[in-house]
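Remarks on the structure that follows.
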Amino acid sequence: MTAGNVRPEGTRPILLLDLDEVLFPFADAYDRWLACRRGYGLDPVLKRAYDVGAAAGSGHRELAVQFVNDPAVIATVPPRSNARSALRVLEQTYTLMACTSRREALEGEATRAWLRRYFPEVNEALFTSQDHSSPVRTKAALAEEVGAAALVDDTMQHLADLPPTCVGLLLKRPPGMQSEPGSRHWATTVRVLLEPGHRPEPASGEARVLAEEGRNR
């Protein structure tokens, strides 16, 4: 892979795709797994705010690793609605890669197996860290390393400090969870990424995005 945002002439631009809540409906599936295996689900307030990390002290970090690596469950979790159709369209224009905050040493094998099952068009999975103790790299750093043209994520934090040649697109989370201001639906995201001759605005163009979503409802 050529680094530094330099691609050989004629190759497709690289599109990075966050995994959880962009392709994989993590909170809903994890909630169901907890209820089945532990007899309780996620705190409804934490789930709606998508702040599962706030409950890490209650053991959710370790439980989430168990969930992702549960072969009887993970393979049967279908992708987020509209994600499969979106990627079938986008693969005609972009080289697709997953980019996730999961840890490769702990969750990499199961993550790649799930992607192969549901998204064979995704060429590679990039991880921000190896395990609990390894340094964490930002998604912006990974985007710069592979020369990505765009990153689709559901969290504004991961779209911060992207290189100038990489556009951040903020995606709405599934129904029942709070989305960040300025986020787009999948259909709008695809339309922006494919619009001829148009370089998508960074996700911080909140007012324009909200107006656009209002027109498309």
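As a basis for the values below, the full set of heavy atoms in this structure was taken, side chains included, without hydrogen atoms, waters or symmetry mates.
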[X] side chain near [Y] side chain, heavy-atom distance below 4.5 Å:
| X | Y | answer |
| --- | --- | --- |
| Leu96 | Leu16 | no |
| Glu21 | Pro174 | yes |
| Met97 | Leu126 | yes |

Geometric class of the Phe26/Tyr30 ring pair [parallel <30°, tilted 30-60°, perpendicular >60°]: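 Taking Phe26 first and then Tyr30, their aromatic rings lie parallel (interplane angle under 30°).
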Tell me the closest heavy-atom pair linking [X] and [Y], and the distance in Å.
| X | Y | answer |
| --- | --- | --- |
| Val190 | Ala86 | CG2-CB, 3.6 Å |
| Met156 | Pro181 | CE-O, 4.5 Å |
| Leu17 | Trp186 | CD2-CH2, 3.8 Å |
| Leu170 | Asp154 | CD1-C, 3.6 Å |
| Leu142 | Cys99 | CD1-SG, 3.8 Å |
| Ala140 | Ala160 | CB-O, 3.7 Å |

Between [X] (side chain) and [Y] (backbone), is there a donor-acceptor pair under 3.5 Å?
| X | Y | result |
| --- | --- | --- |
| Thr189 | His185 | yes |
| Glu107 | Val68 | no |
| Tyr94 | Ala150 | no |

Joint cluster assignment, Leu171 & Val89, ILVMFWY side-chain distance < 4.5 Å: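 Leu171 and Val89: one cluster.
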Name all residues meeting the side-chain contact (heavy atoms from CB on, under 4.5 Å) criterion together with [X]; count only those two or more places apart in sequence or in a different chain, and write none if there are none.
| X | answer |
| --- | --- |
| Thr93 | Leu194 |
| Phe119 | Leu23, Pro79, Ala83, Arg84, Leu87, Trp114, Leu115, Glu121, Val122 |
| Asp31 | Leu42, Lys47 |
| Arg117 | Ala75 |

For Glu91, salt bridge (charged side-chain N to carboxylate O under 4.0 Å, His left out) partners two or more places apart: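 Result, salt bridge (charged side-chain N to carboxylate O under 4.0 Å, His left out) vs Glu91: none returned.
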Partners passing salt bridge (charged side-chain N to carboxylate O under 4.0 Å, His left out) against Arg88 (at least two apart in sequence or in another chain):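 Salt bridge (charged side-chain N to carboxylate O under 4.0 Å, His left out) check on Arg88 returns nothing, list empty.
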Lys139/Asp153 ion pair, N-O < 4.0 Å: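 Answer for the salt bridge query: yes.
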Charged N-O contact under 4.0 Å between Glu145 and Arg137: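 Judged by the 4.0 Å cut-off on N to carboxylate O distance, Glu145 and Arg137 do form a salt bridge.
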Does a sphere of radius 6.0 Å around [atom1] in [X] hold more than 12 heavy atoms from other residues, nucleotides or ligands, not counting ones at 6.0 Å or beyond?
| X | atom1 | answer |
| --- | --- | --- |
| Gln92 | CD | yes |
| Asp161 | CG | no |
| Glu109 | CD | no |

Could you list the residues that satisfy side-chain hydrogen bond (donor to acceptor under 3.5 Å, both in side chains) with [X], not counting sequence neighbours?
| X | answer |
| --- | --- |
| Trp33 | Asp70 |
| Glu104 | Arg112, Gln130 |
| Thr111 | Arg102 |
| Arg116 | none |

Partners meeting ring-ring contact (aromatic ring centres under 6.0 Å, His included) with Phe127 (sequence neighbours left out):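 Testing Phe127 for ring-ring contact (aromatic ring centres under 6.0 Å, His included), a comparison that skips the adjacent residues, returns none.
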Derivation and outcome, side chain to side chain contact (heavy atoms under 4.5 Å, CB included), residues Ile74 and Asn69: CA-CA 7 Å; Ile74 200 69; Asn69 288 290; over 6 Å; no
Residues that, via side-chain heavy atoms closer than 4.5 angstrom, fall in one hydrophobic cluster with Leu106: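 For the cluster that includes Leu106, the remaining residues are Val65.
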CG-CG distance between Leu151 and Asp18, expressed to the nearest 0.5 angstrom: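 Between Leu151 CG and Asp18 CG, I get 7.0 Å after rounding to 0.5 Å.
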Donor-acceptor pair between Arg173 and Thr155 side chains, under 3.5 angstrom: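 Result is yes, a qualifying pair exists.
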